[in-house]
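The shown structure was predicted, so the numbers you read here are calculated from the model rather than taken from an experiment.
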Amino acid sequence: MEELIKYIVENLVEKKEAVKVSSKQEDNAVILEVSVASEDVGKVIGKNGKVAQALRSILHSASYKDTKKYILKIK
């Protein structure tokens with residue numbers, strides 16, 4: 001899942017080298033934290049959070065058969 005989110009976010013931002021995706025395991029959930037350059041945060045969040053919501057929907061769909069719950073956080 002990390003690779004999927006990283007690929008999508010890298011294609012949204014200007015500074016691809018600043019994109020970092022890390023994951024943490026908590027209980028039955030996996031938290032994916034996405035870090036981007038400060039000038040690219042708006043591109044990842046989108047107007048009214050629509051891009052961030054779309055990323056979460058893609059993550060949810062991709063993990064449908066997985067028993068883990070994935071949570072996306074943007075830093």
Side-chain angles (χ1 to χ4, degrees):
M1 292 301 159
E2 287 182 50
E3 296 85 21
L4 174 65
I5 295 298
K6 185 172 182 174
Y7 175 78
I8 294 170
V9 172
E10 281 180 343
N11 287 293
L12 290 173
V13 299
E14 294 292 321
K15 294 188 175 182
K16 297 179 188 316
E17 67 277 355
V19 175
K20 291 182 179 50
V21 179
S22 61
S23 64
K24 295 191 284 192
Q25 181 76 30
E26 286 188 10
D27 299 328
N28 63 341
V30 177
I31 299 174
L32 295 175
E33 294 180 345
V34 178
S35 299
V36 295
S38 60
E39 57 268 14
D40 288 330
V41 172
K43 293 177 183 175
V44 176
I45 294 174
K47 190 172 186 178
N48 295 325
K50 295 208 182 227
V51 174
Q53 186 59 40
L55 286 170
R56 289 183 178 104
S57 294
I58 291 170
L59 187 61
H60 177 73
S61 297
S63 66
Y64 181 71
K65 290 186 179 182
D66 203 352
T67 58
K68 300 175 192 170
K69 179 180 179 182
Y70 286 89
I71 301 169
L72 181 69
K73 291 188 179 181
I74 301 168
K75 289 186 167 185

Heavy atoms from other residues, nucleotides or ligands near [atom1] of [X] exceed 12 (cutoff 6.0 Å):
{"X": "Glu14", "atom1": "CD", "value": "no"}
{"X": "Lys15", "atom1": "NZ", "value": "no"}
{"X": "Asn11", "atom1": "CG", "value": "yes"}

(Q) Checking Glu26 now: which residues fulfil salt bridge (Lys or Arg N to Asp or Glu O under 4.0 Å) with it, not counting sequence neighbours? (A) none

Q.
Tell me every residue that passes salt bridge (Lys or Arg N to Asp or Glu O under 4.0 Å) with Lys65, counting only those two or more places apart in sequence or in another chain.
A.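 Scan of Lys65 (salt bridge (Lys or Arg N to Asp or Glu O under 4.0 Å), adjacent residues dropped) gives none.
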
Q) Out of Lys73, Lys6, Lys24, which one pairs with Glu33 under the salt bridge (Lys or Arg N to Asp or Glu O under 4.0 Å) rule? A) Lys24

So, for [X] and [Y], which heavy atoms are closest and what is the spacing to 0.1 Å?
{"X": "Glu10", "Y": "Lys16", "result": "O-NZ, 2.7 Å"}
{"X": "Glu2", "Y": "Ser23", "result": "OE2-OG, 2.7 Å"}
{"X": "Leu72", "Y": "Ala52", "result": "CD2-O, 4.5 Å"}

Could you tell me whether the side chain of [Y] reaches within less than 4.5 Å of the side chain of [X], counting heavy atoms only?
{"X": "Val21", "Y": "Val9", "value": "no"}
{"X": "Val19", "Y": "Asp40", "value": "no"}
{"X": "Val30", "Y": "Met1", "value": "no"}

Q: Look up atom CD1 in Ile45 and atom CD in Gln53, then write down how far apart they are to the nearest 0.5 Å.
A: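 That separation rounds to 12.5 Å.
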
Q | Nearest-0.5 Å distance that lies between atom OG in Ser35 and atom CD1 in Ile74 | A | 10.0 Å

**Q.** Common cluster, Ile5/Val41, ILVMFWY with side-chain heavy-atom separation under 4.5 Å
**A.**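 Yes.
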
Q. Are Ile8 and Ile71 grouped together when hydrophobic residues (ILVMFWY) are joined by side-chain heavy atoms under 4.5 angstrom apart?
A.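 Ile8 does not cluster with Ile71.
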
Q: Go through the steps for Lys75 and Lys20 under the test side-chain contact (heavy atoms from CB on, under 4.5 Å), then give the verdict.
A: CA-CA 10 Å; Lys75 289 186 167 185; Lys20 291 182 179 50; over 6 Å; no

